[in-house]
Amino acid sequence: ESARLLGRSDRAVTDAAAALECVHAYSLAHDDLPAMDDDDLRRGRPTLHRAFDEATAILAGDGLLTFAFTVLARLDAPAAVRLALIAGLAAAAGPAGMVGGQMLDIAAEGQAMDEAAVRRLQAMKTGALLRFACEAGAILAGADPEARGALARFGERLGLAFQLADDLIDATGSAAAAGKATAKDAARGKATLVALHG
C-alpha cells in the first residue's frame, strides 16, 4: 500500500511483500514453539509443531527466513533498491528488531517494566516489521527522504496499535474468536501496556 501510494504497484512490490510475509510466517512458527509461547493454535488451526513436530517447525521457519532474502535478491529492481530492501528486512528481523524484541519479551516475563521499556520491547518485537513494510514501499518507489521517513513513522505507530489490539484480544477475547489461546499474557507475566495500565 505504501508503494501504491507513491505510484508503484508492479510485481516487485508484491514480491517484496511476499518476502516480508515469509519472515512473518517464520516468526510465528518459531514463536509458537514450546521454548517460546508454547501455543497449540494459530488462526484456529494447530500450530506447525503440533500439526507435524518441533523439528519440522524449526526447519520450516529457517527455510522461510532464508527464502525471504532470496526473493528480495531476485527482485526486478535496481541493485541499490534490492540491497536497501535486504538490509532493511535484515535489520527489522534481526537482533535490533524482531529477534531482539522477542528476547526482551522472554527476559521480561514476571519482571516489572516501565512504559518506556514496554514500548521499546514492542517496537522491536512487532513494530520493526510493520515499519519495514511501510518503508519498503517508499524504497521501491524511489521516494524522497521526507516521504520515506513519514511512512517509517506511520509503520512504527501502526506497530504500536497492532500490539495494543493483540494484547487487548489476549486479555478480553475468547480463544474461538481469536483463533488462538487467550489470557496467556497475564498467566506468563508478560510485559504489556495492558498489564501496565489496565
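Remember, predicted model here, so these are calculated numbers, not experimental data.
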Should Val99 and Leu33 be counted in the same cluster of Ile, Leu, Val, Met, Phe, Trp and Tyr side chains packed under 4.5 Å apart? no

Measure the CG-NE2 distance between Leu48 and His30 for me, rounded to the nearest 0.5 Å. 9.0 Å

Answer yes or no: are there more than 12 heavy-atom neighbours, outside Arg120 itself, under 6.0 Å from its atom CZ? no

Heavy-atom pair of closest approach, residues Leu151 and Cys134: O-CB, 3.3 Å

Rounded to the nearest 0.5 Å, the CG atom of Asp185 sits from the CD1 atom of Ile169 at a distance of 11.0 Å

Same apolar cluster: Val13 and Leu5, side chain cutoff 4.5 Å: no

I'd like to know if Asp105 and Lys190 make a salt bridge, using a cut-off of under 4.0 Å between side-chain N and carboxylate O. yes

Decide side chain to side chain contact (heavy atoms under 4.5 Å, CB included) for Thr192 and Asp166; before the verdict, give the C-alpha distance in whole Å, the side-chain angles of both, and the deciding distance to 0.1 Å. CA-CA 10 Å; Thr192 69; Asp166 193 57; over 6 Å; no

If you draw a 6.0 Å radius around CD in Glu1, do more than 12 non-hydrogen atoms from other residues or ligands fall strictly inside? no

Is any side-chain heavy atom of Lys180 closer than 4.5 Å to one of Asp39? no

Go through the steps to decide whether Glu115 and Leu196 satisfy the test side chain to side chain contact (heavy atoms under 4.5 Å, CB included), and finish with yes or no. CA-CA 7 Å; Glu115 183 171 334; Leu196 193 63; 3.7 Å; yes

Cluster question for you: counting only ILVMFWY and a side-chain heavy-atom cut-off of under 4.5 Å, with indirect links fine, are Leu20 and Leu130 together? no

Has Arg82 got a side-chain atom pairing as donor or acceptor with Ala73's backbone, closer than 3.5 angstrom? yes

Quick one: pull up CZ in Arg4 and CG in Leu140 and give me the separation to the nearest 0.5 Å. 14.5 Å

Kindly give the heavy-atom pair with the smallest separation between Ser2 and Gly137, and that separation in Å. OG-CA, 3.2 Å

Donor-acceptor check, side chain of Arg153 to backbone of Gly149, threshold 3.5 angstrom: yes or no? yes

Short side-chain to backbone donor-acceptor contact, His49 and Thr56, under 3.5 Å: no

Heavy-atom closest pair (Leu72 atom, Leu85 atom, distance to 0.1 Å) is CD1-O, 3.8 Å

Under a 4.0 Å threshold between the charged nitrogen and the carboxylate oxygen, would Asp114 count as salt-bridged to Arg119? no

For Asp76 versus Arg8, what's the shortest heavy-atom pair and its separation? O-NH2, 3.5 Å

Examine distances only and state if a side-chain atom of Arg131 and a backbone atom of Ala123 form a donor-acceptor pair shorter than 3.5 Å. no

I'd like to know whether CZ of Arg74 has more than 12 heavy-atom contacts from other residues, nucleotides or ligands below 6.0 angstrom. no

Under 3.5 Å, side chain of Asp170 to main-chain N/O of Ala183, donor-acceptor pair present? yes

Verify the cluster assignment for Phe132 and Leu75: are they in a single hydrophobic cluster under the rule of side-chain heavy atoms below 4.5 Å apart? yes

One should read off an interatomic distance between Leu104 CG and Met124 CE, to the nearest 0.5 angstrom, of 5.0 Å

For Phe154, does the CZ atom have more than 12 heavy-atom neighbours from other residues, nucleotides or ligands under 6.0 Å away? no

Please report the C-alpha distance between Val23 and Leu64 in whole Å, then the side-chain angles of each, then the deciding distance to 0.1 Å, and finally whether the side chain to side chain contact (heavy atoms under 4.5 Å, CB included) criterion is met. CA-CA 6 Å; Val23 171; Leu64 285 164; over 6 Å; no

Atom pair CE (Met98) and CG (Leu89), whose distance is rounded to the nearest 0.5 Å: 8.5 Å

Given the rule that I, L, V, M, F, W and Y join up when any side-chain heavy atoms are under 4.5 Å apart, are Phe67 and Ile86 in one cluster? no

In sequence, state the C-alpha distance, the side-chain angles, and the governing distance for Leu164 and Leu193, and then conclude on side chain to side chain contact (heavy atoms under 4.5 Å, CB included). CA-CA 7 Å; Leu164 282 168; Leu193 293 177; 3.7 Å; yes

Interatomic distance, Tyr26 atom OH to Ile58 atom CD1 [nearest 0.5 angstrom]: 12.0 Å

State, to 0.1 Å, how close Ala147 and Leu6 come at their nearest heavy-atom pair, and which atoms those are. CB-CD2, 4.5 Å

Of all the heavy-atom pairs spanning Ala92 and Leu129, show the shortest one and how long it is. CB-CD2, 4.0 Å

